[in-house]
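Everything below concerns the one structure shown next.
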Amino acid sequence: MNALPTKEESTMDAHDAHQVDGTALRVALWRGLHLQVDPAPHVLDDALGLRLAAPAVGWRERPDMHPEGTRRMRASIVARARFVEDLVTERARDGVGQYVLLGAGLDTFAQRHADPAAGLRVFEVDQPGTQAWKRRRLAELGLDRPDGPRFVPVDFEAGDSWWDGLVAAGFDPGRPAVVASLGVSMYLTREATMATLRRVAALAPGSTLVMTFMLPLDLVGADERPALQATQHAARAAGTPFVSLYAPSDLLALIRETGFRDADHISSAALAARYFGARSDGLRPSGAEGLVVATV
């Protein structure tokens, strides 16, 4: 799951805090926190994301950065990112040349994977404010390469079309792509999610969608329910309520209904076995979030 706004939304100055999305910033900090508080082997090595976020001294004292309190959510964040990056790298080797991140935030795949990304055109779709802030930070770090990601600023609240913006940025609908949507579906209505699914399902054969989703409370382990209830309450209070929760079977049926050839559910247990099996510290991803992979 993605983290939620707190009173300590950002350690940036007022202008920056207004520009960069709080969830995007928090996810980048959690990915950096994984490197600092969890022992090796690390599931995801994203020190660059922490440099990009540039938190002020004392950022680890924030309530939403508590090393123990955020363990499972932090593990979910790095596990889903690692899964998508492994999939994108594999598909790129098979000749898929386009990668779209819906709600890209402060993702640093394009900067950290120079070799596989060399033949891969990366498109990052997000709110204009967050993208402007990110592009400024990349320039300050000397990472704004001409062959870097194609930025697609979309004002969703104003009704902008992410698809129109994507095509205008050079995306080729006639060529296969990997499309990733992480930490987004719970904020969207079922109708909005179906519209996105239909659009991706109409891409060229060989395209792949990777999407995360939140499970209903009754499908989450009893040990995690209080934390999930608190998260949902905080989301409502922040004006960003969870509006769509899915049982895996329901979401898979929805995906197939919108035109995908095939779809698979990747559970938190499967991610734990894949990326955390050799760990002795008990770090495991949250069971409140699932992941689906669908093919066109």
Side-chain angles (χ1 to χ4, degrees), residues 1-11 21-34 36-39 43-44 55 58-83 103 105 181-190 193 211-252 265-277 279-292:
M1 70 189 80
N2 277 355
L4 301 168
T6 69
K7 292 182 179 179
E8 300 182 37
E9 182 62 354
S10 174
T11 52
D21 177 74
T23 298
L25 179 64
R26 187 173 295 102
V27 167
L29 295 182
W30 268 350
R31 286 161 67 148
L33 190 65
H34 173 57
Q36 296 192 4
V37 303
D38 298 323
V43 176
L44 185 77
W59 66 274
R60 284 176 49 176
E61 303 305 314
R62 288 169 41 159
D64 58 349
M65 291 295 129
H66 191 281
E68 288 300 315
T70 64
R71 288 184 92 231
R72 298 201 71 172
M73 290 184 290
R74 185 172 71 244
S76 290
I77 293 295
V78 297
R80 74 191 193 189
R82 173 67 181 276
F83 180 89
S181 176
L182 307 181
V184 175
S185 66
M186 65 275 207
Y187 300 116
L188 303 179
T189 64
R190 180 185 179 94
T193 293
M211 184 176 79
T212 60
F213 64 97
M214 297 296 297
L215 279 70
L217 274 174
D218 60 342
L219 296 183
V220 177
D223 60 326
E224 286 199 83
R225 287 178 194 167
L228 183 56
Q229 288 175 314
T231 297
Q232 293 180 358
H233 176 76
R236 286 193 298 271
T240 55
F242 288 8
V243 296
S244 297
L245 307 175
Y246 298 96
S249 59
D250 292 340
L251 185 56
L252 289 175
H265 170 225
I266 312 298
S267 68
S268 61
L271 290 175
R274 182 168 182 171
Y275 296 119
F276 299 81
R279 302 187 67 90
S280 60
D281 60 350
L283 185 67
R284 295 293 185 274
S286 169
E289 183 177 74
L291 187 150
V292 290

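No experiment lies behind these values; they were computed from the predicted model shown.
Between Asp218 atom CG and Arg225 atom CZ the span is 7.0 Å, to the nearest 0.5 Å. Atoms CG and OG1, from Leu251 and Thr193 in turn, are 8.0 Å apart once rounded to the nearest 0.5 Å. With rounding to the nearest 0.5 angstrom, the CG atom of Leu245 is 11.5 Å from the CG atom of Asp250. Note that CG of Leu291 and CZ of Arg80 are 9.0 Å apart. Values are rounded to the nearest 0.5 Å. With values rounded to the nearest 0.5 angstrom, Thr231 atom OG1 is found 10.5 Å from Arg236 atom CZ. Taking CE of Met186 as the reference point, atom CD of Glu289 lies at 6.5 Å (rounded to 0.5 Å).
Here the closest non-hydrogen pair linking Ala79 and Tyr275 is O-CE1, 4.0 Å. For Arg62 against Leu25, the heavy-atom pair with the smallest separation is NH1-CD2, 4.5 Å. The minimum heavy-atom distance linking Phe276 with Leu283 is given by the pair CD2-O, 3.2 Å. In terms of heavy atoms, Glu224 sits closest to Ala288 at OE2-N, 3.9 Å. For the residue pair Pro248 and Leu219, the shortest heavy atom distance occurs at CD-CD1, 4.2 Å. Counting all heavy atoms, side chain and backbone alike, Asp21 lies closest to Ala24 at OD2-N, 2.9 Å.
Side-chain contact between Arg60 and Val37 is present, with heavy atoms from C-beta onward closer than 4.5 Å. Taking the side chain as every heavy atom from C-beta outward, His66 and Arg71 never approach each other to under 4.5 Å. Proximity of Arg26 to Thr70: side-chain heavy atoms (C-beta onward) are nowhere separated by under 4.5 Å.
Trp30 contributes no side-chain N or O that, together with a main-chain N or O of Val78, makes up a donor-acceptor pair within less than 3.5 Å. Side-chain N or O atoms of Ser76 include one that pairs as donor or acceptor with a backbone N or O of Ser286 at under 3.5 Å. Arg190 places no side-chain N or O within donor-acceptor distance of the main-chain N or O of Ser244, the cut-off being under 3.5 Å.
Residues passing the ring pair (Phe, Tyr, Trp, His ring centres under 6.0 Å) test with Phe213 are His265, sequence neighbours excluded. By the salt bridge (charged side-chain N to carboxylate O under 4.0 Å, His left out) test, Arg279 is found to be paired with Asp281, residues two or more places apart in sequence or in another chain being considered.
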Check the pair Met214 / Leu228 against side-chain contact (heavy atoms from CB on, under 4.5 Å), numbers first and verdict last.
CA-CA 10 Å; Met214 297 296 297; Leu228 183 56; 3.6 Å; yes
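Of the listed residues (Arg72, Arg74, Arg31), just one forms a salt bridge (charged side-chain N to carboxylate O under 4.0 Å, His left out) with Asp38, and that residue is Arg74.
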